[in-house]
2 protein chains.
Amino acid sequence: MVATLKDVAARAGVSVKTVSNVVNGYSFVTEDNRRRVQEAIDLLGYVPNIGARNLRKGRTGFLTLAVPELANPYFAELCGLVMNAAAEHDWTVLIEQTGGVRERELTVINAAHRSLVDAIILSPIGLQPTDLAEAAPGTPLVLLGERALSAPVHHVAIDNVAAASAATRHLLDLGHRRIAALGDQPGPHGTAALRLRGYQSALQAAGLSVDPALIVPAAAYSRAEGTAAMRRLLSLADPPDAVFCFNDMLAVGALSAARDRGLRVPEDVAVVGFDGVDEGNYSAPRLTTIAPDKAAIAEAAVGLVRAALQDGAGQPQDVVTPFTLITRESTRSFAH
Amino acid sequence: MVATLKDVAARAGVSVKTVSNVVNGYSFVTEDNRRRVQEAIDLLGYVPNIGARNLRKGRTGFLTLAVPELANPYFAELCGLVMNAAAEHDWTVLIEQTGGVRERELTVINAAHRSLVDAIILSPIGLQPTDLAEAAPGTPLVLLGERALSAPVHHVAIDNVAAASAATRHLLDLGHRRIAALGDQPGPHGTAALRLRGYQSALQAAGLSVDPALIVPAAAYSRAEGTAAMRRLLSLADPPDAVFCFNDMLAVGALSAARDRGLRVPEDVAVVGFDGVDEGNYSAPRLTTIAPDKAAIAEAAVGLVRAALQDGAGQPQDVVTPFTLITRESTRSFAH
DNA sequence: GAGAATCGTTACAACGTTGTACCTTGAACT
DNA sequence: AGTTCAAGGTACAACGTTGTAACGATTCTC
């Protein structure tokens with residue numbers, strides 16, 4: 001059905017290898033042959049069989065990019081950027097959704113499509129440090145946004161502690177004293193733990209104590225969870241005057257909950273998010289947020305993959321990418 | 001480096017084919033051999049080479065899903081659902097971004113990774129009806145959300161005209177008379193044309209004339225374009241009292257523009273969106289929208305692929321999936 | 001003008017897998 | 001005892017591609 005090199009060769013009256021040489025731009029082919037082969041290719045609509053090529057060459061031209069969920073715009077945006085960065089080096093990206101479930105993350109790093117991809121980029125959530133021993137040897141692995149694992153693996157991330165601290169300090173600078181942290185999650189190794197640490201250190205640096213009642217968990221980093229968690233905060237006897245949300249989805253949900261209670265943001269309660277998604281620039285009020293340089297993360301991840309494939313297994317790199325605090329209406333107009 | 005069937009066979013003391021039989025659960029293998037092979041597999045960490053298997057079997061287990069942009073949550077949500085639906089039938093989805101550019105859509109349908117995928121699901125934007133002649137023969141093609149092409153290709157979509165008409169009628173029922181359409185795009189075959197037709201027919205059915213000044217274009221279906229277009233509308237000498245946006249991103253942008261002008265939604269101007277993305281449930285005010293049943297679209301698309309691969313090239317199917325009008329605050333509290 | 005160097009092309013093997021055909025073994029029938 | 005039969009296993013070829021080695025043809029060198 002589909003044309004192969006053999007078909008093209010037969011039509012052009014040359015050997016299979018000569019066609020292959022034309023396709024790959026190799027070595028020396030007479031102008032005459034090159035033209036005849038090209039005509040045959042166009043005529044038959046020949047397209048190389050990538051699987052066969054991979055089989056022969058060893059390199060596949062594919063990368064796995066595993067994220068918790070595409071429905072989260074942070075990851076959707078990130079996927080798009082990684083795809084672009086990868087395309088610059090002729091890689092195609094195979095996106096997987098893990099749902100943040102440890103078991104599926106394990107599948108990604110130790111087996112799934114191993115023979116089909118040159119490397120794996122994973123944004124882990126449920127993964128435990130010891131799990132990395134299961135990683136497929138020989139396939140470079142780059143972890144995104146997760147530093148606490150601190151295992152000998154390539155990492156790309158912002159400084160989560162510093163970023164969370166900056167967000168909290170921003171609220172402190174505006175005069176807020178009863179600042180909540182929304183989005184805590186179990187486990188000492190997750191992103192939540194790092195952001196919580198940054199939050200706590202900023203409070204302590206300001207001479208404030210940390211009130212456990214103001215640290216609320218979120219089962220998932222979704223808008224719905226943000227709303228639910230914010231409702232709990234607003235129902236406290238002594239509710240917060242500001243909330244640092246561990247991601248923008250939670251923050252959007254929190255804004256919605258505040259609005260439902262008839263509270264003004266930022267006058268009654270200020271809100272800071274984390275992720276810098278486009279959506280936050282259109283919420284009401286517009287969302288102050290920590291914006292990681294997503295393009296830099298994508299570039300760095302692909303760069304690490306390239307380096308790992310060239311040099312073999314060198315020292316695991318730890319790339320720290322920049323972030324900025326974008327102040328918008330959800331905190332800005334507060335006057336103390 | 002990576003273990004192959006041969007390595008496993010050597011270790012287990014059986015032939016390569018017997019190992020293959022164990023891996024695939026085929027035919028008759030003694031319990032003893034099966035156990036020994038399994039042990040060798042576990043020990044060596046054997047994983048089948050998918051490329052080689054594809055080469056041998058013809059079927060690849062991959063689908064291409066090409067969407068304009070992952071950053072648009074409608075497509076991000078849709079991708080997630082298609083991936084889930086595909087996973088039920090052991091397919092892995094290869095996501096491509098076309099940017100809505102005709103040339104890249106053409107690449108998708110006629111060449112890219114053709115040999116690597118069993119079928120192609122495309123959400124077209126720039127594609128012209130005649131372009132479908134370029135589609136790779138032998139690889140089933142399913143188009144999403146696009147009916148006007150009306151070529152002999154599988155289609156899955158809601159009834160865009162009816163949906164747009166329902167949205168407009170909703171505004172009419174609420175008493176609005178000066179209703180704008182936001183998001184027009186050139187070309188007689190695009191989604192925009194269908195939604196515009198539905199808008200017009202609803203107006204005419206109500207005995208109203210269509211004011212061309214109230215039909216504003218949008219270069220892209222993004223929040224930023226929605227804001228820009230809404231500004232133009234609000235600057236008219238005789239501005240609209242309601243706006244039907246051709247997608248939710250435009251609507252979110254429009255809400256932002258209205259807010260910047262100090263207008264109340266829906267009291268001063270009502271807004272309806274299209275896509276039913278989660279974000280619209282958290283905007284201020286919450287967005288009334290046409291919500292296509294995205295899960296149904298995903299299921300239908302994968303179902304069509306399955307049918308096409310089983311029956312060969314049968315009659316192209318035209319699947320119409322349901323939608324609902326979700327009324328929320330951006331229109332609801334209007335009293336006329 | 002004989003040998004060497006270069007260009008252009010080709011046959012062959014191999015990548016890892018599975019379908020086909022065949023072989024072996026033992027048991028169940030006449 | 002001879003025949004049939006099925007289960008269990010194997011060897012081989014093939015999928016489409018490219019690297020290697022080798023070959024024929026031309027040109028260059030002294």
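Below, read A as the first sequence line, B as the second, and so on, with proteins coming before strands; counting in each chain starts at 1. Bear in mind that the values here come from a model prediction, so they are computed numbers and not experimental data.
When each of D:dA11, D:dT18, C:dT18 is scored by its nearest atom to the side-chain atoms of B:Arg53, the top-ranked nucleotide is C:dT18. If you check C:dT9, C:dT17, C:dG16 against the side chain of A:Thr18, the one that comes closest is C:dT9. When each of C:dT20, D:dG8, C:dC15 is scored by its nearest atom to the side-chain atoms of B:Phe28, the top-ranked nucleotide is D:dG8.
Side chains of B:Arg34 and B:Val37 form no contact here, defined as non-hydrogen atoms less than 4.5 Å apart. Between A:Asn84 and A:Glu88 there is no side-chain heavy-atom pair separated by less than 4.5 Å.
Both B:Leu55 and B:Gly13 lie close to DNA chain D; mapped to their nearest nucleotides by heavy-atom distance, the more 5′-ward contact belongs to B:Gly13. The residue among B:Ser15 and A:Lys17 whose nearest nucleotide of DNA chain D is located toward the 5' end is B:Ser15.
Judged by distance alone, the side chain of B:Thr98 and the main-chain N or O of B:Arg104 form no donor-acceptor pair under 3.5 Å. Although no hydrogens or angles enter the test, the distance criterion places a donor-acceptor pair under 3.5 Å between the side chain of B:Glu105 and the main chain of B:Gly126. Looking only at distances, no side-chain donor or acceptor of B:Asn72 sits under 3.5 Å from a matching main-chain atom of B:Glu69.
When the side-chain nitrogen and oxygen atoms of A:Thr30 are compared with OP1 and OP2 of C:dT9, one or more of them lie within a distance under 4.0 Å. Using a 4.0 Å cut-off, some side-chain N or O of A:Ser20 falls inside it from OP1 or OP2 of D:dT18. Close to D:dG9, at under 4.0 Å from its OP1 or OP2, lies a side-chain N or O of B:Asn33.
Nucleotide C:dG16 holds its C1' atom 20 Å from the CZ atom of A:Arg59, rounded to whole Å. Atom CD1 of A:Ile50 is separated from atom P of C:dG16 by 19 Å (rounded to the nearest Å). Rounded to whole angstrom, the span from the CZ atom of B:Arg34 across to the P atom of D:dA7 amounts to 14 Å. The distance between atom CG of A:Leu116 and atom P of C:dG16, rounded to the nearest whole Å, is 15 Å. When the P atom of C:dA21 is taken as reference, atom CG of B:Asn21 falls 16 Å away, rounded to whole Å. In this structure, A:Asn54 places its CG atom 19 Å from P of D:dC15, rounding to the nearest Å.
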Open item on the list: B:Thr321 vs B:Val156, test: side chain to side chain contact (heavy atoms under 4.5 Å, CB included). Steps then yes/no.
Closed with: CA-CA 7 Å; B:Thr321 50; B:Val156 178; 3.9 Å; yes
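Using a 4.0 Å cut-off between charged nitrogen and carboxylate oxygen, A:Asp7 and A:Arg11 do not count as a salt-bridge pair. Salt-bridge formation is detected for the pair B:Glu39/B:Arg35: a Lys NZ or Arg NE/NH1/NH2 atom is positioned less than 4.0 Å from an Asp or Glu carboxylate oxygen.
For C:dT18, its base sits under 3.5 Å from the side chain of B:Arg56 at one donor and acceptor pair at least. Side-chain to base pairing of B:Lys57 with C:dG19: no donor and acceptor N or O lie closer than 3.5 Å to each other.
Contacts of A:Val14 with the nucleic acid, taken as non-hydrogen atoms under 4.0 Å apart, involve only primed sugar atoms and P, OP1 or OP2. Looking at heavy-atom distances under 4.0 Å, B:Asn24 makes contact with sugar-phosphate atoms alone, never a base.
At a non-hydrogen distance threshold of 4.0 Å, B:Thr4, B:Leu5 from residues 4-11 of chain B come into contact with DNA chain C.
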